[in-house]
Amino acid sequence: MESSYSIVRDGQLERSTVSFTITSTQSSVSVGDTIQVYGVFHQENAIQANQMVVTPSRNIGYMYVISALAGVWVLSRLLRQWRFDPEHFAVVPRSDPIRLTDRIRRLWARYTDENIDA
Amino acid sequence: MPDLLTHAFIAYIFAMAVSWRYAWLDGRYVTVAMAGAFIPDIAKITLLVADTRVSAFIDLLFSWFGIHTAGGTLLCVFIGVVLVSSQERRRVGWVLSAGAASHLIADAFLMKAYGHSYPLLWPLTAYAPPTPGLYLSTDVWPAIVTGSVAVGVWVIDRRLPKTTYTE
């Protein structure tokens, strides 16, 4: 496998690539997977792996998408429950947080032309 | 890290459970706990500005991973604390810290080839405790498991009599 690395030497950024041969009895890997290896160099650039952990590349997209969704969720909660108070130049909790269910109900009421007391 | 959604669910579950004991800890502070659970992953700035790039610029060894430790996270919590009004600082400080701590602890269970996690208590100690290797960052099941528990907690919370906290 190939591994690229960067080092800082005398304030200069050096990028380089080095090839390793890794021998492991454990996991199977496919192209693009990220691996962690804990093992012994038994000759130059050849590692006998004692432990190897494989992170499959096909799940990395899922991880980023689901993490972004979490960001949207928490950001929406923050914006609905907290507000910036320019008078005190500080973030303060809203005394009456905006509830999504109320908003949707109100929009629905407007859409169906009903009057509800909200 | 497991994905951020798992971290948000973990913070949500614990904050909701604590909210049943302390009336002031309502949905607004549950959100603060969830935001706190995102703090250690500010270290992922490294994907945009690599550690080595900063190192070359400041001419010192540098790693964003410092944010993903007790010390770095605490500094970020302080930033959050000064953003809120003075009456809220104590509560927000505690809740943000708890959320961030839940993230650091959950990440200490990630699978590592070396069998040790990472120096989560830095700069107090650089010791990396052994990890049971429960999951990988890219595993799908932690989000499903914690998400199911979060839904359960949400249902229980709705059935509980509503308490309103007055100052």
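Small disclaimer: the values here were computed from a predicted structure and weren't measured. Letters go in sequence order (proteins before strands), and every chain restarts at 1.
Applying the 6.0 Å contact sphere to CZ of B/Phe78 captures no more than 12 heavy atoms from other residues, nucleotides or ligands. By the neighbour-count criterion of 12 heavy atoms within 6.0 Å, atom CZ of B/Phe14 is sparsely surrounded, having that number or fewer from other residues, nucleotides or ligands.
Following chains of ILVMFWY side-chain contacts shorter than 4.5 Å, one cannot reach A/Val40 starting from A/Tyr38, and the two form parts of different hydrophobic clusters. Taking hydrophobic clusters as Ile, Leu, Val, Met, Phe, Trp and Tyr residues chained together by side-chain heavy-atom distances below 4.5 Å, B/Met16 shares a cluster with B/Met34. Hydrophobic clustering places B/Val32 together with B/Trp24 (ILVMFWY residues linked when any side-chain heavy atoms are closer than 4.5 Å, directly or through intermediates). One hydrophobic cluster holds both B/Ile13 and B/Trp154 under the rule that ILVMFWY side chains link at heavy-atom gaps under 4.5 Å. Residue B/Tyr22 is grouped with residue B/Leu96 when hydrophobic side chains (ILVMFWY) are merged at heavy-atom distances under 4.5 angstrom, including chains of intermediate members.
Checked by atom type and distance alone, the side chain of A/Arg77 never pairs as donor or acceptor with a backbone atom of B/Val30 at under 3.5 Å.
Interface residue A/Ile66: backbone and side-chain heavy atoms are both found under 4.5 Å from chain B. Contact of B/Tyr12 with chain A is made through the side chain alone, with heavy-atom distances under 4.5 Å. Looking at B/Phe38, the atoms closer than 4.5 Å to chain A (heavy atoms on both sides) all sit in the side chain, from C-beta outward. Only the backbone of A/Ser95 has a heavy atom closer than 4.5 Å to any heavy atom of chain B. In this structure, chain B has heavy atoms under 4.5 Å from both the backbone and the side chain of A/Pro93. In this structure, chain B has a heavy atom under 4.5 Å from the backbone of A/Arg94, while its side chain stays farther away. Using a 4.5 Å cut-off between heavy atoms, B/Val140 touches chain A through backbone and side chain atoms alike.
Residues B/Ala35 and A/Leu78 approach most closely at CB-CD1, 4.3 Å, considering heavy atoms. Contact record, B/Ala113 with A/Gln36: N-OE1, 3.0 Å, taken as the closest heavy-atom pair. In plain terms, the two heavy atoms of A/Val74 and B/Ala8 that are nearest each other are CG2-CB, 4.4 Å.
Taking the side chain as every heavy atom from C-beta outward, A/Pro56 and B/Leu136 approach each other to under 4.5 Å.
The side chain to side chain contact (heavy atoms under 4.5 Å, CB included) test applied to B/Thr125 returns B/Leu121, B/Tyr127, not counting sequence neighbours. Checked against side chain to side chain contact (heavy atoms under 4.5 Å, CB included), A/Thr101 has the following partners two or more places apart in sequence or in another chain: A/Arg99, A/Arg105.
Clustering of Ile, Leu, Val, Met, Phe, Trp and Tyr by side-chain heavy atoms under 4.5 Å joins B/Trp122 with none of the others.
At a heavy-atom separation below 4.5 angstrom, chain B is approached by A/Gln81, A/Trp82, A/Ala90 within residues 81-90 of chain A.
Checking each of B/Leu5, B/Thr6, B/Asp3, B/Asp139 against A/Met63 for a side-chain contact (heavy atoms from CB on, under 4.5 Å) leaves exactly one that passes, namely B/Asp3.
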